[in-house]
Amino acid sequence: MPVTGAEDRLGRTLSADPFWKDLTRLGVAVSGGGDSMALLHLLAACAPAHGVTLAAATVDHGLRPEAAAEAAFVAETCARLGIAHDTLRWQGWDGQGNLQAEARAARYRLLGGWAVAQRLDAVALAHTADDQAETFVMRLAREAGVDGLAAMDPLVERDGARFWRPVLAQGRDDLRSWLSAHGLGWCDDPSNEDERYDRVRARKALAVLAELGIDRGRLGGVSRNLAAASRALKRLAHDTARRIARVEAGDVLLSRAGLRDADAEIRRRLLAAALGWISRAPYPPRREALADLDRAIAAGQTHTLHGCLVACIDGDVRFLREFNAVKDVVATPGQLWDGRWRVAGPDGGRRVGALGEAVKDCPDWRETGLPRAALMASPAVWQGETLVAAPLAGFANGYSAVIDPEAGDFFTYVLSH
């Protein structure tokens with residue numbers, strides 16, 4: 001039976017989203033909870049009118065005994081809807097680091113790989129206005145800056161895929177009301193009431209803040225204002241980079257004078273971008289660490305941070321990969337090495353690894369004009385323990401090494417991070 005009122009409004013709003021025109025195959029991430037089940041059913045109702053084929057995936061982190069049953073519930077629902085479904089299992093946690101952060105990163109990584117394998121145009125995520133507000137409060141507690149407090153983007157690219165948040169303006173209660181009005185069920189995750197988790201505490205704090213008029217709507221407005229400021233700062237950092245930066249053999253060189261003249265916030269962004277683009281780390285260094293680097297540069301001192309070596313050479317600040325960060329990274333010719341480099345040439349059972357001390361075996365390395373430390377961390381081709389080629393060190397021997405286009409160029413990275 002058709003649903004009227006607020007519930008029917010959700011379907012109309014979603015169906016009117018202009019992003020549909022870019023889609024032919026759409027994935028949807030479904031945990032079994034109320035938000036994602038509502039999104040699944042809403043998309044299933046809208047997709048046929050737009051000529052879009054749906055596929056669904058559930059990520060089972062293996063952290064709760066109920067997870068397998070929730071994935072089965074989603075699979076059964078998808079079968080009734082005629083939607084292909086896959087369960088993606090995470091088995092990669094080694095017990096190190098922050099579990100929630102690792103699980104979140106794994107979720108994106110698994111969904112991104114699934115999207116590529118299924119040739120999906122995008123993957124829809126059920127982030128809501130409540131998620132937005134909770135994230136704001138959690139990041140506020142961590143003294144996040146403009147970028148951290150900015151609103152989530154409706155569209156984001158990461159882990160090789162494009163992610164779409166079509167219900168970001170909707171409230172969690174609205175989605176559950178929509179499900180109830182249609183007689184549709186969902187799974188309640190007991191961890192959503194576990195106050196050991198920051199998000200649960202943030203949710204309870206928001207209930208108190210709402211009594212002061214600080215509700216999800218107002219926090220959403222603040223986040224959107226900060227998102228506009230973030231975009232402006234990124235554009236200014238990008239324009240500054242175009243003036244004072246250049247890329248050489250995978251290293252980033254920033255004019256020391258140009259850095260000195262830049263506003264402190266723009267300088268911080270450029271330092272973080274240079275480190276991030278080279279290291280491919282998912283998160284930037286902390287502000288305190290960047291401040292230490294800034295002071296080292298001002299004093300003309302060499303510094304290591306984020307798997308990078310930063311050295312003041314002549315009038316430039318050179319950011320290069322630190323050898324110790326890549327000494328154990330191995331690939332085969334044709335594969336991506338160190339997240340950026342792709343070495344092309346004969347395979348023959350050979351491996352790609354860091355050049356290291358074997359730079360001394362490249363007779364023309366000085367003619368490249370590149371620092372020895374940069375060449376030590378550059379990709380080389382090995383047959384066992386024998387050096388076969390080192391393209392960046394003047395010893396090509398039929399091989400080439402290029403920054404993979406999918407890694408993006410430095411200036412684009414400044415604008416997008």
Side-chain angles (χ1 to χ4, degrees), residues 241 244-259 270-271 273-275 277-280 293 296-348 350-405 407 409-411:
I244 72 169
R246 68 183 191 279
V247 175
E248 183 179 73
D251 297 348
V252 175
L253 287 80
L254 299 174
S255 161
R256 196 173 172 192
L259 270 181
L270 293 178
L271 299 183
L275 294 168
W277 185 73
I278 292 172
S279 70
R280 312 310 297 174
L293 173 59
I297 291 171
Q301 299 169 346
T302 297
H303 198 79
T304 56
L305 179 63
H306 225 46
C308 297
L309 179 67
V310 184
C312 297
I313 303 175
D314 298 327
D316 293 318
V317 181
R318 189 174 195 116
F319 293 74
L320 49 145
R321 199 63 160 118
E322 186 182 9
F323 170 68
N324 284 338
V326 294
K327 64 180 181 180
D328 298 321
V329 178
V330 176
T332 58
Q335 288 183 329
L336 197 62
W337 180 80
D338 187 31
R340 293 191 304 157
W341 291 103
R342 200 176 294 276
V343 175
D347 185 350
R350 293 164 178 170
R351 63 181 171 85
V352 177
L355 178 57
E357 293 292 345
V359 66
K360 68 180 184 302
D361 299 322
C362 303
D364 299 325
W365 75 265
R366 288 182 177 83
E367 295 179 14
T368 67
L370 299 174
R372 187 175 187 275
L375 292 175
M376 286 180 62
S378 70
V381 182
W382 298 85
Q383 183 85 53
E385 298 302 314
T386 302
L387 178 65
V388 176
L392 298 182
F395 180 40
N397 199 20
Y399 289 85
S400 63
V402 297
I403 296 289
D404 187 79
D409 65 61
F410 170 66
F411 301 101

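Fair warning: this is a prediction, and the values are worked out from it, not measured in the lab. What you see below is based on every heavy atom in this structure, not just the backbone, and it leaves out hydrogens, waters and symmetry mates.
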Report the residues that fulfil side-chain hydrogen bond (donor to acceptor under 3.5 Å, both in side chains) with T332, sequence neighbours left out, ordered by chain and then residue number. Q335

Output every pair passing side-chain hydrogen bond (donor to acceptor under 3.5 Å, both in side chains) with a member in residues 247-259, not counting sequence neighbours, ordered by first then second residue. E248-R318, D251-R318

Can you tell if the side chain of I313 reaches within under 4.5 Å of the side chain of P371, non-hydrogen atoms only? yes

For N324 and K327, which heavy atoms make the closest approach, and how far apart are they? O-CG, 3.7 Å

Mind checking whether V330 and V352 have side chains closer than 4.5 Å, heavy atoms only? no

Residues in side-chain hydrogen bond (donor to acceptor under 3.5 Å, both in side chains) with R246, at least two apart? D316

N-O pairing of D338 and R321 below 4.0 Å: yes

Looking at CZ of R280 and CG of L275, how far apart are the two atoms once the value is rounded to the nearest 0.5 Å? 12.5 Å

Minimum heavy-atom distance A354-F323, with the two atoms named: CB-CE1, 3.8 Å

Do I297 and L271 pass the side chain to side chain contact (heavy atoms under 4.5 Å, CB included) test, and can you show the C-alpha distance, the side-chain angles, and the key distance before you say yes or no? CA-CA 10 Å; I297 291 171; L271 299 183; 3.7 Å; yes

Could you check whether any side-chain heavy atom of W365 comes within less than 4.5 Å of a side-chain heavy atom of L355, counting everything from C-beta outward? no

Sub-4.5 Å side-chain heavy-atom contact between V247 and L253: no

Heavy-atom side-chain proximity of L259 to V317 below 4.5 angstrom: yes

Drop me the distance from W277's CH2 to F411's CZ, to the nearest 0.5 angstrom. 9.0 Å

Would you name the heavy atoms of N397 and V388 that are closest together and state the gap between them? ND2-O, 2.8 Å

Would a 4.5 Å heavy-atom cut-off, applied to side chains only, mark L305 and V310 as touching? no

Is the backbone of A390 close enough, under 3.5 Å, to the side chain of Y399 for a donor and an acceptor to pair up by distance? no

Test item: P379 and L392 side chains (from C-beta on) under 4.5 Å apart, heavy atoms: yes

Evaluate C362 against L387 for side chain to side chain contact (heavy atoms under 4.5 Å, CB included), listing each step before the verdict. CA-CA 9 Å; C362 303; L387 178 65; 3.9 Å; yes

Mark yes or no for whether W337, through its side chain, and V329, through its backbone, hold a donor-acceptor pair below 3.5 Å. yes

Indicate the atoms forming the closest heavy-atom contact of L254 with A245, along with that distance. CD2-CB, 3.3 Å

Correct closest heavy-atom pair for V252 and A274 would be CG1-CB, 4.0 Å

Mind checking the CD-SG spacing from E322 to C308? Nearest 0.5 Å is all I need. 8.0 Å

Using the side-chain hydrogen bond (donor to acceptor under 3.5 Å, both in side chains) criterion, which residues pair with R342? Sequence neighbours excluded. D404

Tell me, do W341 and I403 make a side-chain contact under 4.5 Å, heavy atoms counted? yes

Those residues that, when tested against E357, pass side-chain hydrogen bond (donor to acceptor under 3.5 Å, both in side chains) (two or more places apart): R372

Nearest-0.5 Å distance that lies between atom CG in L375 and atom CG in L370: 5.0 Å

What residue pairs, at least two apart or across chains, pass side-chain hydrogen bond (donor to acceptor under 3.5 Å, both in side chains) with a residue in residues 380-389? R350-Q383

Report the C-alpha separation of L270 and I244 in whole Å, then their side-chain angles, then the decisive distance to 0.1 Å, and conclude whether the side chain to side chain contact (heavy atoms under 4.5 Å, CB included) test is met. CA-CA 10 Å; L270 293 178; I244 72 169; 3.9 Å; yes

Atom pair OG1 (T368) and CZ (F395), whose distance is rounded to the nearest 0.5 Å: 14.5 Å

